[in-house]
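To start, the structure under review is shown below, and the notes come after it.
To find a chain, count down the sequence lines: A is the first, B the second, and so on, and within it residues start at 1. Reckoned from all heavy atoms, side chains included, excluding hydrogens, waters and symmetry mates.
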Amino acid sequence: MSESVSQAVATPSSARPPLPSLLKVGWSRAAIETKTFFRERDSLIFNFSFPIILLVLFGSIFSGELANGITMSQLYTAGLIGAGLMSTSFQNLAISIAVEREEGGLKRLIATPMPRTAYFVGKVLSVLLVTVLEIALLLAVGVLLYDLRLPASVADWFTFAWVLVLGLTASALLGIAASSLPRSAKSAAAVITMPFVMLQFISGVYIPFTQLPGWLIDIASVFPLKWMCQGFRSVFLGDAGVGLELTGSYELGRVALILAAWAVGGLLLCLLTFRWKSRRDG
Amino acid sequence: MTQSAVKVSGLTKRYGEVTAVDGLDLDIRQGEVFGILGPNGAGKSTTVEILEGYRRRDAGEVSVLGVDPERADRTWRSRIGVVLQTGADTPELTVREFVRHMAGYYPRPRDPDEVIEKVGLTEKANVRVRKLSGGQRRRVDVALGIIGRPELLFLDEPTTGFDPEARRRFWDLIGSLAHDGTTIVLTSHYLDEVEALADRLAVIAAGRVVAEGSPSTLGGRASAKATVGWLEDGVRRSVETDEPTRTVLELARRFSGEVPELTVVRPTLEDVYLSLIQTP
(Lines give C-alpha, C1' and ligand atoms only; values in the text may rest on other atoms or scores of the structure.)
Protein backbone atom coordinates (compact mmCIF):
# COMPACT_ATOMS: atom_id res chain seq x y z
CA MET A 1 0.00 0.00 0.00
CA SER A 2 2.20 2.75 1.26
CA GLU A 3 5.11 0.99 -0.42
CA SER A 4 3.58 1.43 -3.84
CA VAL A 5 3.12 5.13 -3.13
CA SER A 6 6.66 5.79 -2.03
CA GLN A 7 7.73 3.89 -5.11
CA ALA A 8 5.59 6.10 -7.31
CA VAL A 9 7.08 9.16 -5.67
CA ALA A 10 10.58 7.85 -6.02
CA THR A 11 10.14 6.90 -9.67
CA PRO A 12 11.78 9.49 -11.90
CA SER A 13 9.31 11.19 -14.20
CA SER A 14 10.97 9.63 -17.24
CA ALA A 15 9.86 6.18 -16.08
CA ARG A 16 6.18 7.14 -15.90
CA PRO A 17 3.98 6.65 -18.92
CA PRO A 18 4.12 9.77 -21.07
CA LEU A 19 1.42 12.43 -20.79
CA PRO A 20 -1.13 12.41 -23.63
CA SER A 21 -0.05 14.71 -26.47
CA LEU A 22 -1.50 18.16 -27.11
CA LEU A 23 -2.87 16.89 -30.42
CA LYS A 24 -4.71 13.98 -28.82
CA VAL A 25 -6.22 16.05 -26.00
CA GLY A 26 -7.03 18.95 -28.37
CA TRP A 27 -8.83 16.59 -30.71
CA SER A 28 -10.77 15.04 -27.87
CA ARG A 29 -11.73 18.53 -26.62
CA ALA A 30 -12.96 19.37 -30.15
CA ALA A 31 -15.12 16.24 -30.12
CA ILE A 32 -16.86 17.02 -26.83
CA GLU A 33 -17.20 20.72 -27.66
CA THR A 34 -18.95 19.82 -30.91
CA LYS A 35 -21.12 17.22 -29.19
CA THR A 36 -22.11 19.76 -26.55
CA PHE A 37 -22.89 22.40 -29.17
CA PHE A 38 -25.23 20.14 -31.10
CA ARG A 39 -26.95 18.98 -27.92
CA GLU A 40 -27.75 22.43 -26.61
CA ARG A 41 -30.90 22.67 -28.66
CA ASP A 42 -31.74 26.31 -27.90
CA SER A 43 -28.43 27.74 -28.93
CA LEU A 44 -28.19 25.32 -31.87
CA ILE A 45 -31.49 26.52 -33.32
CA PHE A 46 -30.65 30.16 -32.60
CA ASN A 47 -27.14 29.97 -34.04
CA PHE A 48 -28.13 28.12 -37.19
CA SER A 49 -31.46 29.60 -38.06
CA PHE A 50 -30.87 33.25 -37.21
CA PRO A 51 -28.83 34.26 -40.30
CA ILE A 52 -31.01 32.08 -42.53
CA ILE A 53 -34.24 33.64 -41.28
CA LEU A 54 -32.72 37.08 -41.73
CA LEU A 55 -31.66 36.19 -45.25
CA VAL A 56 -35.17 35.05 -46.17
CA LEU A 57 -36.68 38.07 -44.42
CA PHE A 58 -34.44 40.63 -46.09
CA GLY A 59 -34.59 38.80 -49.39
CA SER A 60 -38.38 39.03 -49.29
CA ILE A 61 -38.58 42.66 -48.19
CA PHE A 62 -35.91 44.13 -50.45
CA SER A 63 -36.23 42.35 -53.76
CA GLY A 64 -34.87 44.98 -56.08
CA GLU A 65 -31.94 44.84 -58.48
CA LEU A 66 -28.91 46.98 -57.69
CA ALA A 67 -26.76 47.01 -60.80
CA ASN A 68 -25.46 44.70 -63.51
CA GLY A 69 -28.05 42.04 -62.55
CA ILE A 70 -26.93 41.97 -58.90
CA THR A 71 -29.94 41.63 -56.61
CA MET A 72 -30.32 42.78 -53.01
CA SER A 73 -30.72 39.20 -51.85
CA GLN A 74 -27.39 38.25 -53.39
CA LEU A 75 -25.80 41.12 -51.52
CA TYR A 76 -27.42 39.92 -48.32
CA THR A 77 -26.19 36.37 -48.81
CA ALA A 78 -22.60 37.58 -48.97
CA GLY A 79 -23.09 39.84 -45.96
CA LEU A 80 -24.88 37.22 -43.90
CA ILE A 81 -22.11 34.70 -44.53
CA GLY A 82 -19.78 37.19 -42.84
CA ALA A 83 -22.24 37.84 -40.01
CA GLY A 84 -23.01 34.11 -39.63
CA LEU A 85 -19.31 33.34 -39.40
CA MET A 86 -18.90 35.93 -36.70
CA SER A 87 -21.92 34.69 -34.77
CA THR A 88 -20.78 31.05 -34.71
CA SER A 89 -17.27 32.08 -33.72
CA PHE A 90 -17.12 35.42 -31.90
CA GLN A 91 -20.57 35.54 -30.32
CA ASN A 92 -20.86 31.84 -29.57
CA LEU A 93 -17.40 31.58 -27.97
CA ALA A 94 -17.63 34.80 -25.99
CA ILE A 95 -20.93 33.76 -24.39
CA SER A 96 -20.21 30.05 -23.91
CA ILE A 97 -16.79 30.59 -22.33
CA ALA A 98 -18.19 33.26 -19.99
CA VAL A 99 -20.82 30.73 -18.85
CA GLU A 100 -18.25 27.94 -18.50
CA ARG A 101 -16.04 30.17 -16.40
CA GLU A 102 -18.90 31.10 -14.10
CA GLU A 103 -20.03 27.48 -13.72
CA GLY A 104 -16.58 26.38 -12.65
CA GLY A 105 -15.80 24.34 -15.76
CA LEU A 106 -12.58 26.19 -16.47
CA LYS A 107 -11.47 25.96 -12.85
CA ARG A 108 -11.97 22.22 -12.98
CA LEU A 109 -9.92 21.97 -16.17
CA ILE A 110 -6.86 23.82 -14.91
CA ALA A 111 -6.47 21.41 -12.01
CA THR A 112 -6.05 18.58 -14.52
CA PRO A 113 -3.00 17.82 -16.67
CA MET A 114 -4.89 19.01 -19.77
CA PRO A 115 -2.49 21.19 -21.79
CA ARG A 116 -4.11 24.64 -21.63
CA THR A 117 -3.62 25.14 -25.36
CA ALA A 118 -5.75 22.02 -25.96
CA TYR A 119 -8.77 23.93 -24.65
CA PHE A 120 -8.37 26.59 -27.34
CA VAL A 121 -7.56 24.05 -30.04
CA GLY A 122 -10.80 22.27 -29.18
CA LYS A 123 -12.83 25.49 -29.29
CA VAL A 124 -11.41 26.61 -32.64
CA LEU A 125 -11.77 23.21 -34.34
CA SER A 126 -15.35 22.84 -33.19
CA VAL A 127 -16.20 26.40 -34.25
CA LEU A 128 -14.63 25.73 -37.66
CA LEU A 129 -16.89 22.74 -38.22
CA VAL A 130 -20.01 24.57 -37.06
CA THR A 131 -19.17 27.61 -39.20
CA VAL A 132 -18.61 25.56 -42.35
CA LEU A 133 -22.02 23.93 -41.83
CA GLU A 134 -23.63 27.32 -41.26
CA ILE A 135 -22.12 28.77 -44.43
CA ALA A 136 -23.13 25.70 -46.44
CA LEU A 137 -26.74 26.22 -45.32
CA LEU A 138 -26.66 29.91 -46.20
CA LEU A 139 -25.19 29.15 -49.61
CA ALA A 140 -27.83 26.51 -50.25
CA VAL A 141 -30.61 29.00 -49.44
CA GLY A 142 -28.90 31.68 -51.55
CA VAL A 143 -28.53 29.38 -54.54
CA LEU A 144 -32.02 27.86 -54.31
CA LEU A 145 -34.04 31.01 -53.59
CA TYR A 146 -32.01 33.94 -54.84
CA ASP A 147 -30.08 32.79 -57.90
CA LEU A 148 -26.80 33.17 -56.12
CA ARG A 149 -24.00 32.01 -58.40
CA LEU A 150 -21.40 29.85 -56.76
CA PRO A 151 -17.94 30.95 -57.81
CA ALA A 152 -16.70 29.10 -60.84
CA SER A 153 -12.99 29.79 -60.71
CA VAL A 154 -10.36 28.24 -58.52
CA ALA A 155 -9.09 31.73 -57.70
CA ASP A 156 -12.49 32.69 -56.26
CA TRP A 157 -12.66 29.56 -54.12
CA PHE A 158 -9.16 30.31 -52.95
CA THR A 159 -10.24 33.80 -51.92
CA PHE A 160 -13.28 32.28 -50.18
CA ALA A 161 -11.02 29.88 -48.27
CA TRP A 162 -8.56 32.47 -47.01
CA VAL A 163 -11.23 35.01 -46.07
CA LEU A 164 -12.97 32.21 -44.15
CA VAL A 165 -9.84 31.00 -42.37
CA LEU A 166 -8.46 34.46 -41.52
CA GLY A 167 -11.89 35.82 -40.55
CA LEU A 168 -12.67 32.80 -38.44
CA THR A 169 -9.31 32.88 -36.67
CA ALA A 170 -9.65 36.59 -35.87
CA SER A 171 -13.30 36.25 -34.76
CA ALA A 172 -12.68 33.15 -32.65
CA LEU A 173 -9.71 34.69 -30.85
CA LEU A 174 -11.62 37.93 -30.29
CA GLY A 175 -14.54 35.90 -28.94
CA ILE A 176 -12.26 34.08 -26.50
CA ALA A 177 -10.83 37.41 -25.37
CA ALA A 178 -14.28 39.04 -25.12
CA SER A 179 -15.49 36.21 -22.85
CA SER A 180 -13.73 38.00 -19.98
CA LEU A 181 -15.87 41.15 -20.41
CA PRO A 182 -19.25 40.05 -18.99
CA ARG A 183 -19.36 40.24 -15.21
CA SER A 184 -21.50 37.15 -14.93
CA ALA A 185 -22.91 34.32 -16.99
CA LYS A 186 -26.34 35.91 -16.76
CA SER A 187 -25.23 39.13 -18.41
CA ALA A 188 -23.01 37.45 -21.01
CA ALA A 189 -25.58 37.19 -23.81
CA ALA A 190 -26.60 40.84 -23.51
CA VAL A 191 -23.07 42.23 -23.11
CA ILE A 192 -21.80 40.36 -26.18
CA THR A 193 -24.83 40.52 -28.47
CA MET A 194 -25.49 44.26 -28.30
CA PRO A 195 -22.18 45.48 -29.78
CA PHE A 196 -22.21 42.60 -32.26
CA VAL A 197 -25.63 43.57 -33.63
CA MET A 198 -24.53 47.20 -33.90
CA LEU A 199 -21.44 46.13 -35.75
CA GLN A 200 -23.57 44.20 -38.24
CA PHE A 201 -25.65 47.29 -39.00
CA ILE A 202 -22.64 49.47 -39.71
CA SER A 203 -20.54 46.83 -41.50
CA GLY A 204 -22.71 46.56 -44.59
CA VAL A 205 -24.43 43.32 -43.64
CA TYR A 206 -28.00 44.64 -43.73
CA ILE A 207 -27.62 48.14 -45.07
CA PRO A 208 -25.42 48.88 -48.11
CA PHE A 209 -22.52 51.24 -47.41
CA THR A 210 -23.89 53.70 -49.93
CA GLN A 211 -26.65 54.53 -47.44
CA LEU A 212 -24.39 54.99 -44.39
CA PRO A 213 -22.82 58.26 -43.20
CA GLY A 214 -19.06 58.49 -43.52
CA TRP A 215 -18.27 58.47 -39.81
CA LEU A 216 -20.12 55.16 -39.32
CA ILE A 217 -18.17 53.65 -42.19
CA ASP A 218 -14.97 54.87 -40.55
CA ILE A 219 -15.90 53.12 -37.31
CA ALA A 220 -16.88 49.92 -39.14
CA SER A 221 -13.58 49.95 -41.02
CA VAL A 222 -11.71 49.40 -37.78
CA PHE A 223 -13.41 46.07 -37.13
CA PRO A 224 -13.03 42.79 -39.01
CA LEU A 225 -16.68 42.21 -39.99
CA LYS A 226 -16.70 44.87 -42.74
CA TRP A 227 -13.62 43.30 -44.32
CA MET A 228 -14.92 39.76 -44.15
CA CYS A 229 -18.15 40.81 -45.87
CA GLN A 230 -16.15 42.67 -48.49
CA GLY A 231 -14.05 39.57 -49.12
CA PHE A 232 -17.17 37.42 -49.47
CA ARG A 233 -18.78 39.93 -51.85
CA SER A 234 -15.75 39.69 -54.11
CA VAL A 235 -16.30 35.93 -54.25
CA PHE A 236 -20.07 35.86 -54.77
CA LEU A 237 -20.78 39.08 -56.67
CA GLY A 238 -17.58 39.16 -58.69
CA ASP A 239 -16.84 41.75 -61.37
CA ALA A 240 -20.50 42.60 -61.81
CA GLY A 241 -20.69 43.92 -58.23
CA VAL A 242 -17.39 45.72 -57.96
CA GLY A 243 -19.04 49.00 -58.96
CA LEU A 244 -21.13 48.85 -55.78
CA GLU A 245 -18.05 49.12 -53.57
CA LEU A 246 -17.29 52.53 -52.17
CA THR A 247 -13.76 52.53 -53.50
CA GLY A 248 -14.72 50.76 -56.72
CA SER A 249 -12.55 47.84 -55.69
CA TYR A 250 -12.79 44.87 -53.32
CA GLU A 251 -9.38 45.79 -51.86
CA LEU A 252 -8.49 42.14 -51.22
CA GLY A 253 -4.96 43.02 -50.14
CA ARG A 254 -6.30 45.28 -47.44
CA VAL A 255 -8.88 42.66 -46.42
CA ALA A 256 -6.09 40.15 -45.87
CA LEU A 257 -3.94 42.62 -44.00
CA ILE A 258 -6.65 43.82 -41.61
CA LEU A 259 -7.99 40.33 -40.87
CA ALA A 260 -4.48 39.07 -40.21
CA ALA A 261 -3.83 42.06 -37.93
CA TRP A 262 -6.99 41.23 -35.97
CA ALA A 263 -5.92 37.60 -35.70
CA VAL A 264 -2.60 38.62 -34.19
CA GLY A 265 -4.26 41.26 -32.00
CA GLY A 266 -6.87 38.73 -30.87
CA LEU A 267 -4.17 36.27 -29.93
CA LEU A 268 -2.34 38.92 -27.90
CA LEU A 269 -5.56 39.93 -26.16
CA CYS A 270 -6.24 36.28 -25.29
CA LEU A 271 -2.76 35.78 -23.89
CA LEU A 272 -2.92 38.98 -21.87
CA THR A 273 -6.46 38.91 -20.56
CA PHE A 274 -7.77 35.33 -20.47
CA ARG A 275 -8.96 34.33 -17.01
CA TRP A 276 -9.48 30.71 -16.00
CA LYS A 277 -11.24 31.66 -12.80
CA SER A 278 -14.41 33.67 -12.32
CA ARG A 279 -14.33 37.11 -10.69
CA ARG A 280 -15.76 35.53 -7.55
CA ASP A 281 -12.69 33.29 -7.35
CA GLY A 282 -10.30 36.22 -7.67
CA MET B 1 10.32 5.85 6.41
CA THR B 2 7.21 7.94 5.94
CA GLN B 3 7.61 10.90 3.62
CA SER B 4 5.49 14.02 3.66
CA ALA B 5 2.90 14.36 0.93
CA VAL B 6 2.29 17.98 1.90
CA LYS B 7 4.65 20.18 3.86
CA VAL B 8 3.77 23.78 4.65
CA SER B 9 5.62 26.22 6.85
CA GLY B 10 4.90 29.85 7.60
CA LEU B 11 2.25 30.09 4.88
CA THR B 12 0.83 33.60 4.61
CA LYS B 13 -1.77 35.03 2.27
CA ARG B 14 -3.25 38.51 2.34
CA TYR B 15 -6.18 39.97 0.43
CA GLY B 16 -5.55 43.68 0.66
CA GLU B 17 -5.77 44.56 4.34
CA VAL B 18 -7.12 41.18 5.38
CA THR B 19 -4.70 38.43 6.34
CA ALA B 20 -6.50 35.22 5.39
CA VAL B 21 -3.66 32.84 6.23
CA ASP B 22 -1.25 33.89 8.92
CA GLY B 23 1.92 31.80 9.26
CA LEU B 24 0.30 28.39 8.90
CA ASP B 25 2.23 25.11 9.29
CA LEU B 26 1.07 21.69 8.12
CA ASP B 27 2.66 18.30 7.64
CA ILE B 28 0.56 15.66 5.92
CA ARG B 29 2.14 12.24 5.65
CA GLN B 30 1.92 10.00 2.68
CA GLY B 31 -0.99 7.59 2.70
CA GLU B 32 -2.97 9.25 5.46
CA VAL B 33 -6.42 10.75 5.39
CA PHE B 34 -6.01 14.25 6.74
CA GLY B 35 -9.00 16.36 7.77
CA ILE B 36 -8.99 20.15 7.76
CA LEU B 37 -11.66 21.76 9.90
CA GLY B 38 -12.42 25.40 10.48
CA PRO B 39 -15.21 27.94 10.38
CA ASN B 40 -16.01 29.82 7.18
CA GLY B 41 -13.48 32.57 6.61
CA ALA B 42 -10.81 30.91 8.76
CA GLY B 43 -8.44 30.54 5.81
CA LYS B 44 -9.24 26.88 5.17
CA SER B 45 -10.26 27.22 1.52
CA THR B 46 -7.45 29.66 0.78
CA THR B 47 -4.94 27.20 2.22
CA VAL B 48 -6.29 24.29 0.23
CA GLU B 49 -6.42 26.37 -2.97
CA ILE B 50 -2.77 27.29 -2.51
CA LEU B 51 -1.92 23.59 -2.11
CA GLU B 52 -3.91 22.81 -5.28
CA GLY B 53 -2.02 25.45 -7.24
CA TYR B 54 -5.01 27.78 -7.71
CA ARG B 55 -3.65 30.66 -5.69
CA ARG B 56 -0.28 32.23 -5.11
CA ARG B 57 1.00 32.83 -1.61
CA ASP B 58 2.57 35.93 -0.10
CA ALA B 59 5.08 34.13 2.11
CA GLY B 60 6.08 30.71 3.40
CA GLU B 61 7.26 27.39 2.02
CA VAL B 62 4.90 24.93 0.34
CA SER B 63 5.77 21.51 -0.99
CA VAL B 64 3.09 19.21 -2.41
CA LEU B 65 4.38 15.81 -3.59
CA GLY B 66 7.82 17.37 -3.48
CA VAL B 67 6.88 20.22 -5.83
CA ASP B 68 6.05 23.88 -5.22
CA PRO B 69 2.47 24.22 -6.57
CA GLU B 70 3.33 27.63 -8.00
CA ARG B 71 5.78 25.89 -10.32
CA ALA B 72 3.43 23.03 -11.12
CA ASP B 73 3.62 21.36 -14.50
CA ARG B 74 1.38 18.81 -16.22
CA THR B 75 3.22 15.89 -14.66
CA TRP B 76 2.50 17.22 -11.17
CA ARG B 77 -1.14 17.84 -12.06
CA SER B 78 -1.43 14.26 -13.27
CA ARG B 79 -0.43 13.11 -9.78
CA ILE B 80 -3.07 15.07 -7.88
CA GLY B 81 -6.86 14.93 -7.94
CA VAL B 82 -9.10 17.84 -7.02
CA VAL B 83 -12.77 17.72 -6.10
CA LEU B 84 -14.00 21.31 -5.93
CA GLN B 85 -17.02 22.68 -4.14
CA THR B 86 -19.02 23.58 -7.21
CA GLY B 87 -19.25 22.02 -10.60
CA ALA B 88 -22.24 22.84 -12.77
CA ASP B 89 -20.39 22.61 -16.04
CA THR B 90 -20.72 20.32 -19.05
CA PRO B 91 -24.44 19.61 -18.62
CA GLU B 92 -24.94 18.08 -22.04
CA LEU B 93 -22.49 15.19 -21.78
CA THR B 94 -23.47 11.87 -20.27
CA VAL B 95 -21.72 10.71 -17.13
CA ARG B 96 -19.76 8.10 -19.07
CA GLU B 97 -18.75 10.51 -21.85
CA PHE B 98 -17.54 13.04 -19.31
CA VAL B 99 -15.55 10.56 -17.21
CA ARG B 100 -14.05 8.93 -20.34
CA HIS B 101 -13.09 12.29 -21.77
CA MET B 102 -11.31 13.38 -18.60
CA ALA B 103 -9.54 10.02 -18.39
CA GLY B 104 -7.86 10.99 -21.67
CA TYR B 105 -5.94 13.78 -19.91
CA TYR B 106 -3.95 11.39 -17.72
CA PRO B 107 -0.99 9.12 -18.40
CA ARG B 108 -2.43 6.11 -16.54
CA PRO B 109 -6.08 6.68 -15.71
CA ARG B 110 -8.39 4.30 -13.88
CA ASP B 111 -10.97 2.45 -15.94
CA PRO B 112 -13.88 4.89 -16.45
CA ASP B 113 -16.61 2.29 -15.94
CA GLU B 114 -14.95 1.05 -12.77
CA VAL B 115 -14.79 4.59 -11.40
CA ILE B 116 -18.45 5.19 -12.28
CA GLU B 117 -19.28 1.98 -10.44
CA LYS B 118 -17.18 3.03 -7.44
CA VAL B 119 -19.17 6.24 -7.03
CA GLY B 120 -22.42 4.36 -7.53
CA LEU B 121 -23.50 5.93 -10.81
CA THR B 122 -23.53 2.85 -13.04
CA GLU B 123 -27.28 3.16 -13.55
CA LYS B 124 -26.85 6.81 -14.53
CA ALA B 125 -23.84 6.26 -16.80
CA ASN B 126 -25.80 7.10 -19.96
CA VAL B 127 -27.73 9.99 -18.46
CA ARG B 128 -26.72 13.56 -19.21
CA VAL B 129 -25.16 15.44 -16.30
CA ARG B 130 -27.92 18.08 -16.61
CA LYS B 131 -30.51 15.55 -15.51
CA LEU B 132 -28.72 14.41 -12.35
CA SER B 133 -29.67 15.45 -8.82
CA GLY B 134 -27.30 17.60 -6.76
CA GLY B 135 -25.92 14.59 -4.90
CA GLN B 136 -25.41 12.64 -8.12
CA ARG B 137 -23.52 15.56 -9.67
CA ARG B 138 -21.33 15.61 -6.62
CA ARG B 139 -20.53 11.97 -7.26
CA VAL B 140 -19.56 12.85 -10.84
CA ASP B 141 -17.18 15.43 -9.34
CA VAL B 142 -15.67 12.74 -7.15
CA ALA B 143 -15.36 10.36 -10.13
CA LEU B 144 -13.51 13.04 -12.11
CA GLY B 145 -11.25 13.69 -9.12
CA ILE B 146 -10.08 10.09 -8.92
CA ILE B 147 -10.10 9.12 -12.62
CA GLY B 148 -6.42 10.02 -13.04
CA ARG B 149 -5.31 7.64 -10.26
CA PRO B 150 -4.00 10.50 -8.10
CA GLU B 151 -1.38 9.97 -5.41
CA LEU B 152 -2.91 12.88 -3.54
CA LEU B 153 -6.61 13.71 -3.55
CA PHE B 154 -8.16 16.99 -2.35
CA LEU B 155 -11.79 16.73 -1.31
CA ASP B 156 -13.61 19.96 -0.53
CA GLU B 157 -16.95 19.36 1.23
CA PRO B 158 -17.38 16.18 -0.79
CA THR B 159 -20.70 14.90 0.57
CA THR B 160 -22.78 18.08 0.43
CA GLY B 161 -26.17 17.05 -0.96
CA PHE B 162 -25.68 13.32 -0.38
CA ASP B 163 -28.41 11.27 1.23
CA PRO B 164 -27.30 9.20 4.25
CA GLU B 165 -26.86 6.03 2.20
CA ALA B 166 -24.79 7.77 -0.47
CA ARG B 167 -22.68 9.25 2.29
CA ARG B 168 -21.94 5.85 3.75
CA ARG B 169 -21.02 4.55 0.30
CA PHE B 170 -18.76 7.51 -0.16
CA TRP B 171 -17.05 6.82 3.15
CA ASP B 172 -16.40 3.27 2.00
CA LEU B 173 -14.93 4.62 -1.23
CA ILE B 174 -12.59 6.92 0.66
CA GLY B 175 -11.61 4.00 2.86
CA SER B 176 -10.73 1.89 -0.17
CA LEU B 177 -8.77 4.72 -1.81
CA ALA B 178 -6.82 5.22 1.41
CA HIS B 179 -6.26 1.47 1.58
CA ASP B 180 -4.71 1.64 -1.91
CA GLY B 181 -2.25 4.24 -0.63
CA THR B 182 -3.87 7.47 -1.82
CA THR B 183 -3.16 10.44 0.43
CA ILE B 184 -6.41 12.30 1.04
CA VAL B 185 -6.87 15.87 2.21
CA LEU B 186 -10.46 16.36 3.29
CA THR B 187 -12.21 19.57 4.27
CA SER B 188 -15.69 19.15 5.63
CA HIS B 189 -18.25 20.77 7.86
CA TYR B 190 -19.55 17.39 8.94
CA LEU B 191 -17.61 16.47 12.07
CA ASP B 192 -18.91 12.90 12.07
CA GLU B 193 -17.50 12.55 8.57
CA VAL B 194 -14.08 13.74 9.60
CA GLU B 195 -14.20 11.57 12.70
CA ALA B 196 -15.07 8.51 10.62
CA LEU B 197 -12.52 9.10 7.86
CA ALA B 198 -9.53 11.07 9.08
CA ASP B 199 -6.39 9.55 10.57
CA ARG B 200 -5.35 13.01 11.66
CA LEU B 201 -6.83 16.45 11.45
CA ALA B 202 -6.02 20.09 11.94
CA VAL B 203 -8.34 22.83 13.10
CA ILE B 204 -7.74 26.18 11.41
CA ALA B 205 -8.97 29.40 12.96
CA ALA B 206 -7.97 32.97 12.09
CA GLY B 207 -5.47 31.73 9.52
CA ARG B 208 -3.52 29.43 11.83
CA VAL B 209 -3.57 25.82 12.95
CA VAL B 210 -4.99 25.96 16.49
CA ALA B 211 -4.95 22.21 17.11
CA GLU B 212 -3.72 19.09 15.40
CA GLY B 213 -4.07 15.42 16.22
CA SER B 214 -6.14 12.31 15.68
CA PRO B 215 -9.91 12.68 15.98
CA SER B 216 -9.83 10.88 19.35
CA THR B 217 -7.01 12.92 20.89
CA LEU B 218 -7.62 16.34 19.35
CA GLY B 219 -7.51 19.18 21.85
CA GLY B 220 -6.85 16.78 24.73
CA ARG B 221 -10.12 15.02 24.03
CA ALA B 222 -8.93 11.59 25.23
CA SER B 223 -7.66 12.92 28.54
CA ALA B 224 -10.49 15.38 29.10
CA LYS B 225 -12.82 14.96 32.04
CA ALA B 226 -15.80 12.73 31.55
CA THR B 227 -19.24 13.59 32.82
CA VAL B 228 -21.05 10.87 34.79
CA GLY B 229 -24.77 11.45 35.17
CA TRP B 230 -27.54 9.61 37.04
CA LEU B 231 -30.97 10.05 38.60
CA GLU B 232 -31.21 10.31 42.35
CA ASP B 233 -34.37 11.14 44.37
CA GLY B 234 -36.07 12.20 41.17
CA VAL B 235 -33.30 14.73 40.41
CA ARG B 236 -30.81 14.52 37.54
CA ARG B 237 -27.28 14.75 38.95
CA SER B 238 -23.88 14.79 37.29
CA VAL B 239 -20.24 15.01 38.18
CA GLU B 240 -17.14 15.78 36.12
CA THR B 241 -14.29 13.45 36.77
CA ASP B 242 -10.91 12.21 35.56
CA GLU B 243 -11.80 8.73 36.78
CA PRO B 244 -15.29 7.89 35.53
CA THR B 245 -14.83 4.17 36.23
CA ARG B 246 -14.22 4.80 39.89
CA THR B 247 -17.27 7.10 40.04
CA VAL B 248 -19.47 4.47 38.41
CA LEU B 249 -18.22 1.79 40.83
CA GLU B 250 -18.96 4.03 43.77
CA LEU B 251 -22.42 4.74 42.42
CA ALA B 252 -23.02 1.04 41.88
CA ARG B 253 -22.15 0.38 45.49
CA ARG B 254 -24.38 3.20 46.69
CA PHE B 255 -27.39 2.00 44.68
CA SER B 256 -26.39 -1.64 45.29
CA GLY B 257 -26.80 -2.59 41.68
CA GLU B 258 -28.35 -0.73 38.77
CA VAL B 259 -27.73 3.04 38.76
CA PRO B 260 -30.86 4.83 37.46
CA GLU B 261 -30.38 6.42 34.02
CA LEU B 262 -26.60 6.16 34.15
CA THR B 263 -24.63 8.03 31.45
CA VAL B 264 -20.90 8.51 30.95
CA VAL B 265 -20.13 11.21 28.41
CA ARG B 266 -16.81 12.29 26.97
CA PRO B 267 -16.59 15.54 25.01
CA THR B 268 -17.55 14.90 21.38
CA LEU B 269 -15.36 16.03 18.53
CA GLU B 270 -17.91 18.78 18.04
CA ASP B 271 -17.51 19.98 21.67
CA VAL B 272 -13.74 20.07 21.26
CA TYR B 273 -13.97 21.75 17.89
CA LEU B 274 -16.35 24.45 19.09
CA SER B 275 -14.21 25.23 22.12
CA LEU B 276 -11.10 25.40 19.91
CA ILE B 277 -12.48 27.86 17.41
CA GLN B 278 -13.94 30.08 20.11
CA THR B 279 -10.55 30.74 21.69
CA PRO B 280 -9.22 33.95 20.19
- Item | Salt-bridge present (E49(B), K277(A); N to O < 4.0 Å) | no

- Note on the structure: When the 4.5 angstrom heavy-atom criterion is applied to L106(A) and chain B, the contacting part is neither

- Task: Using a 4.5 Å cut-off on heavy atoms from C-beta on, say whether the side chain of R29(A) contacts that of H101(B).
- Result: yes

- Message: Treating R108(B) as the side-chain partner and P17(A) as the backbone partner, does any N or O pair qualify as donor plus acceptor under 3.5 Å?
- Response: no

- Verify the neighbour count for atom CH2 of W171(B): are there more than 12 heavy atoms of other residues, nucleotides or ligands below 6.0 Å? yes

- Message: With a 6.0 Å cut-off (strictly less than), is the heavy-atom count around CD of E61(B), excluding the residue itself, greater than 12?
- Response: no

- Side chains of E97(B) and I32(A): does their closest heavy-atom pair fall under 4.5 Å? no

- Does any heavy atom of chain A fall under 4.5 Å from the side chain of R130(B), the backbone, both, or neither of them? neither

- Message: Walk me through whether R77(B) and T112(A) qualify under side-chain contact (heavy atoms from CB on, under 4.5 Å).
- Response: CA-CA 6 Å; R77(B) 292 189 192 286; T112(A) 73; over 6 Å; no

- Using non-hydrogen atoms and a 4.5 Å limit, figure out which bit of P20(A) sits close to chain B: side chain, backbone, both or neither. both

- R128(B) side chain reached by R39(A) side chain, heavy atoms, under 4.5 Å: yes

- What's the shortest heavy-atom distance between K24(A) and G104(B), and which atoms? NZ-O, 3.8 Å

- Task: For R183(A), look at atom CZ and say whether over 12 heavy atoms of other residues, nucleotides or ligands are found less than 6.0 Å away.
- Result: no

- Query: Taking C-beta and beyond as the side chain, do P113(A) and T75(B) meet within less than 4.5 Å on heavy atoms?
  - Reply: no

- Message: Taking the side chain as everything from C-beta on, heavy atoms only, tell me whether L144(B) gets closer than 4.5 Å to R108(A).
- Response: yes

- Message: For the OG atom of S28(A) and the CE atom of M102(B), what is their distance to the nearest 0.5 Å?
- Response: 10.5 Å

- Given that the side chain runs from C-beta out, which part of Y15(B) has a heavy atom under 4.5 Å from chain A: side chain, backbone, both or neither? neither

- Crowded around L23(A) CG? As in, over 12 foreign heavy atoms under 6.0 Å? no

- Taking side chain as C-beta onward, heavy atoms only, is Y106(B) less than 4.5 Å from L19(A)? no

